Number of protein chains: 2
Amino acid sequence: MNSISNLVDIYRLTNRKITPQRLAIFNVLDSNTDHPTAEEIYEQVKSQIGNVSLKTVYQTLNELESLNQIQIIDVGTGTSRYDPNVNQSHHHLVCQNCSKVKDIELDISGEMLKAFGQNSGEFKIDRVEVVIRGLCEVCLGKGSSKQSEL
Amino acid sequence: MNSISNLVDIYRLTNRKITPQRLAIFNVLDSNTDHPTAEEIYEQVKSQIGNVSLKTVYQTLNELESLNQIQIIDVGTGTSRYDPNVNQSHHHLVCQNCSKVKDIELDISGEMLKAFGQNSGEFKIDRVEVVIRGLCEVCLGKGSSKQSEL
DNA sequence: TAGCTAATTAACAATCATTGTTATAATATA
DNA sequence: TATATTATAACAATGATTGTTAATTAGCTA
Ligand SMILES: [Mn+2]
Ligand SMILES: [Mn+2]
Ligand SMILES: [Zn+2]
Ligand SMILES: [Zn+2]
């Protein structure tokens, strides 16, 4: 994601209005590395500006994606995650216990991409997404098989 | 997935009943490489034995997964795919145009796994899933940006 | 082969994430 | 400040999946 001021510029240039709701959403996303859900973003925005609707949050997030300012990722946890990290190519670690998502930098290039291409037949590769499942450091500490205990 | 007769054995051994619905579902899944959705399996079963409920299909599929006889995969197309290929470790190609899912054999081992492990910090890796997005051979033929034209 | 019982099914309602609709409100600009 | 345009909120709707439960069936046994 660009900086908030850049986003404001982008919104102005594309004839979109700068509303308190949008600014608050930009703010929550800004350098956020938590891969929050729409609901989580909604809660944070609400605590900042009092009132938003979940619909507005979804709308703005979809808009930001179509402007290539965020990435909507689905790692199979049932809800989409919103990721402002679009400038740096990266992949994801997903905790099988607490569902937290963390970035991992992997160079999918050279040898790997070659190997992928060789096996893919007639398929024209656009992008490669790697999801690594396992246990995060927090869940490793506690017994590994427990469900998220508060 | 095991062969159908093996599945029947597994079901007998675990005190489950061999019903026409279940047999038909086994049959649809048997050496199926299409990664069908529950709905698609439901339609095929219905054409075979006349009546099933979608709920029964979902139930049986979840059961087969917990018996490790199929794999439920979510490649972000909004609906789960059911994959009987569990004996052979593999990954997936997903067409961005028609959403078809195809298997791809990739050796995620040696160099790659080492690289993954080095970047993953304290994270304990259980499994690595690779999703390769792009265009399948069929969609490459037609103009690439069209939606599935019948 | 008929009867018994536990397991299964089908019908239906419910859930959850996400999107559609629309009347009201707020922003940008002249 | 008035006006045009865009955005918001409230609410309903959707689609995939799961929950509930009464009726049915498979598999065993007499
Ligand atoms: Mn990320
Ligand atoms: Mn597969
Ligand atoms: Zn965890
Ligand atoms: Zn295709």
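Heavy atoms only: backbone and side chains are in, while hydrogens, waters and symmetry mates are out. Order of the sequence lines sets the chain letters (A, B, ...), proteins ahead of strands, with each chain counted from 1. Just so it is clear, the model here is predicted, and its values are computed rather than measured.
- Using a cutoff of 4.0 Å between basic side-chain nitrogens and carboxylate oxygens, B/E63 and B/R22 are scored as salt-bridged.
- Look at A/T19 and you won't find any side-chain N or O under 4.0 angstrom from OP1 or OP2 of D/dA7.
- In the set D/dA9, D/dA7, D/dA26, D/dA9 carries the atom at the smallest distance from any side-chain atom of A/N51.
- Residues satisfying the side chain to side chain donor-acceptor pair (under 3.5 Å) test with A/K100, not counting sequence neighbours, are none.
- Rounding to whole angstrom units, NZ of residue A/K46 and C1' of D/dA10 are separated by 14 Å.
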If the sugar-phosphate is the primed atoms plus P, OP1 and OP2 and the base is the rest, what is the B/S/- string for nucleotides 12-22 of chain D, using protein heavy atoms under 4.0 Å?
----SSBBB--

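- C/dT18 atom C1' lies 17 Å from atom CD1 of A/I73, rounded to whole Å.
- Using bins of under 30°, 30° to 60° and over 60° for the plane-to-plane angle, the ring pair A/H90/A/H35 lands in the tilted bin.
- Residues that satisfy the side chain to side chain contact (heavy atoms under 4.5 Å, CB included) test with A/N119, not counting sequence neighbours, are B/I104, B/E105, B/L106.
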Given B/D74 and B/R81, is the side-chain contact (heavy atoms from CB on, under 4.5 Å) satisfied, shown in steps?
CA-CA 6 Å; B/D74 179 353; B/R81 307 295 193 125; over 6 Å; no

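- DNA chain D is contacted by B/P20 of residues 20-27 of chain B, taking any non-hydrogen atom closer than 4.0 Å.
- Nucleotide C/dT9 holds its P atom 11 Å from the CZ atom of B/R16, rounded to whole Å.
- If you chain together hydrophobic residues whose side chains sit under 4.5 Å apart, A/V28 and A/L61 fall into the same group.
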Show me the side-chain donor-acceptor pairs of residues 41-48 of chain A shorter than 3.5 Å, one per line, residues at least two apart or across chains.
unit_1: A/S47; atom_1: OG; unit_2: A/Q44; atom_2: O; d: 2.9
unit_1: A/Q48; atom_1: OE1; unit_2: A/N27; atom_2: ND2; d: 3.3

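- With hydrogens and angles ignored, no donor-acceptor pair closer than 3.5 Å exists between the side chain of A/K17 and the base of C/dA26.
- The side chain to side chain donor-acceptor pair (under 3.5 Å) test applied to B/T56 returns B/S53, not counting sequence neighbours.
- With rounding to whole Å, A/R12 atom CZ is found 16 Å from D/dT6 atom P.
- Side-chain heavy atoms closer than 4.5 Å link hydrophobic residues (I, L, V, M, F, W, Y) into clusters, and following such links, possibly through other members, connects B/I4 to B/Y11.
- The distance from atom CG of B/N15 to atom C1' of D/dG27 is 10 Å, rounded to the nearest whole Å.
- Protein atom CG of A/D74 is 12 Å distant from nucleotide atom C1' of C/dT18, rounded to whole Å.
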